[in-house]
Protein chains: 2
Amino acid sequence: MENQTQKKKVPHMTITRLAQYLNCLSLLPREHYKEISSKELAEKIGLKPTVIRQDFHHFGGFGQAGYRYKVTNLIEGLERILGLDQKQNLIIIGVGHLGQALANYRNFDKLGLRLVGLFDVNPRLIGITIRDVRVRDIDEVPTVVERENVHIGIITTPADSAQSTANLLIESGVKGIWNFSPMNVTGPSGIIIQNEHLSIGMMTLSYQLKQMLPPLSASSEY
Amino acid sequence: MENQTQKKKVPHMTITRLAQYLNCLSLLPREHYKEISSKELAEKIGLKPTVIRQDFHHFGGFGQAGYRYKVTNLIEGLERILGLDQKQNLIIIGVGHLGQALANYRNFDKLGLRLVGLFDVNPRLIGITIRDVRVRDIDEVPTVVERENVHIGIITTPADSAQSTANLLIESGVKGIWNFSPMNVTGPSGIIIQNEHLSIGMMTLSYQLKQMLPPLSASSEY
DNA sequence: TATTTTATGTTATAATATTAACAGGGGAGG
DNA sequence: CCTCCCCTGTTAATATTATAACATAAAATA
């Protein structure tokens with residue numbers, strides 16, 4: 001569209017699905033899939049074709065009537081929309097099990113993200129190296145954020161230090177926070193904060209299981 | 001697709017939020033919060049009070065008009081709705097970094113979940129012990145699922161073996177799958193499958209950042 | 001070349017979710 | 001006891017999202 005600041009609001013679910021499309025497209029073998037139809041893509045993800053076409057329509061569409069979508073064209077467009085064409089530097093605070101798992105996450109490269117810092121308060125962790133990145137003391141966060149022009153910070157600390165960590169990140173100049181601690185963190189408007197609670201996924205799974213499985217005993221009370 | 005155990009269908013977003021409420025409530029100090037109002041809880045999560053009351057209304061409400069909600073009552077009710085009151089056994093397949101991180105996830109206990117098995121194909125991992133659970137060969141999955149009455153399986157394998165792993169789990173008798181591999185997995189109806197793609201959270205964050213940050217160059221073309 | 005098929009972009013309709021408005025219940029304070 | 005205020009449960013209205021329907025364009029086929 002005409003305006004990059006985006007006049008009409010794109011539904012949040014659409015953005016989530018665009019990410020799904022991109023993820024799916026980047027995984028399928030390129031030689032067999034030079035082109036793909038909305039029907040094919042929808043089948044792979046478990047949606048209806050109209051959803052995909054409607055999502056694309058928010059951005060003017062990616063093909064032309066009659067043709068199928070060109071996969072490379074699609075991927076490039078999605079990456080541009082999602083902002084993945086501009087490389088970003090990020091840091092991780094909290095080098096516990098989850099922090100280490102994320103530090104080893106290969107897909108960061110594909111997303112245009114570069115891990116430039118790992119931080120913790122635990123002296124036993126400070127100094128070790130994970131994928132060529134050395135773990136530093138948390139006091140060094142402001143320095144690294146400024147020097148490396150870091151825009152994104154990932155929080156994998158325990159719950160009770162999540163908010164203080166977020167504050168530190170924000171003061172240091174980080175613009176987006178991806179929080180994996182169980183506690184919600186908040187910040188001033190202008191800072192993008194994504195709280196990613198793993199337990200919520202588990203709970204919704206549990207709920208659906210309960211609906212599906214026969215109740216063990218026809219309990220009298222609610 | 002209608003569910004006979006459920007008269008009126010509860011919106012999916014409501015279930016997600018119920019999980020958020022429970023997570024938030026379980027984290028706040030019990031002595032200071034014996035009771036809580038919809039307004040207070042909404043503030044903590046960043047919602048409006050009416051959302052919470054509407055969500056609760058799908059289940060008949062948790063308090064009575066005039067009173068505030070009793071926290072213990074609320075927690076018990078949410079746990080019952082989400083099916084967390086019934087203990088479940090689960091296994092993890094794929095003991096890479098993410099699998100190990102999940103194996104060490106303390107919150108499983110709070111969710112009524114018990115890790116009873118770890119599996120991998122890598123001989124170098126088979127035999128090691130994480131939190132008193134020994135890593136077994138993937139061939140032993142059917143045996144353990146049956147013996148331990150496992151209902152939930154977590155997939156943390158690479159993308160190319162995700163679907164085959166899901167098939168194995170389903171054939172073994174698992175009823176719910178929590179898939180962390182980047183590739184969507186599918187199964188027959190009756191099996192609950194939750195695909196949890198971490199990269200999607202990162203991409204939506206990237207998108208929002210792009211909307212917020214000033215465009216580096218006023219590029220002519222979209 | 002005419003026609004059928006398949007595909008996308010667009011518009012219109014149906015379904016769903018959010019938000020607001022309202023109706024009572026209980027406690028505090030005069 | 002009465003009034004005021006705050007609270008929840010419920011219903012109604014609004015806004016948003018998903019689905020279906022349609023118009024059009026290209027390729028394939030006869």
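Each chain gets a letter, A, B and so on, in the order the sequences are listed, and its residues count up from 1. Basis for what follows: all heavy atoms, side chains included, without hydrogens, waters or symmetry-related copies. Everything numeric in this text was worked out from a predicted model, so none of it was measured.
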Residues A/Q194, B/T204; criterion side-chain hydrogen bond (donor to acceptor under 3.5 Å, both in side chains); working and verdict:
CA-CA 9 Å; A/Q194 178 114 1; B/T204 59; 3.2 Å; yes
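- Within the structure, every side-chain polar atom (N or O) of A/R53 is placed at least 4.0 Å from both OP1 and OP2 of D/dA23.
- When atom types are taken as modelled, the side chain of A/N195 and the backbone of A/N184 share no donor-acceptor pair closer than 3.5 angstrom.
- Non-hydrogen atoms lying under 4.0 Å from DNA chain C are contributed by A/A65, A/G66, A/Y67, A/R68, A/Y69, all within residues 65-72 of chain A.
- Within the structure, a side-chain polar atom (N or O) of A/K48 is placed less than 4.0 Å from OP1 or OP2 of D/dA20.
- Note on A/T50: a base of the nucleic acid sits closer than 4.0 angstrom, heavy atoms only.
- A donor atom on one side chain and an acceptor atom on the other are found under 3.5 Å apart for B/T14 and B/D55.
- Within the structure, a side-chain polar atom (N or O) of B/K9 is placed less than 4.0 Å from OP1 or OP2 of C/dT16.
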Run the side-chain hydrogen bond (donor to acceptor under 3.5 Å, both in side chains) check on B/Q163 and B/N167 step by step: do they pass?
CA-CA 6 Å; B/Q163 185 62 59; B/N167 296 343; 3.0 Å; yes
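- B/S38 comes within 4.0 angstrom of sugar-phosphate atoms only, judged by non-hydrogen atoms across all strands, and of no base.
- At D/dT10, one or more side-chain N or O atoms of B/H57 fall inside 4.0 Å of OP1 or OP2 (strictly under the cut-off).
- Looking at which nucleotide of DNA chain D each of A/M13 and B/E40 is closest to, the 5′-most match is held by B/E40.
- For B/Q54 and C/dT19, a side-chain-to-base donor-acceptor distance below 3.5 Å is present, hydrogens and geometry of angles not being considered.
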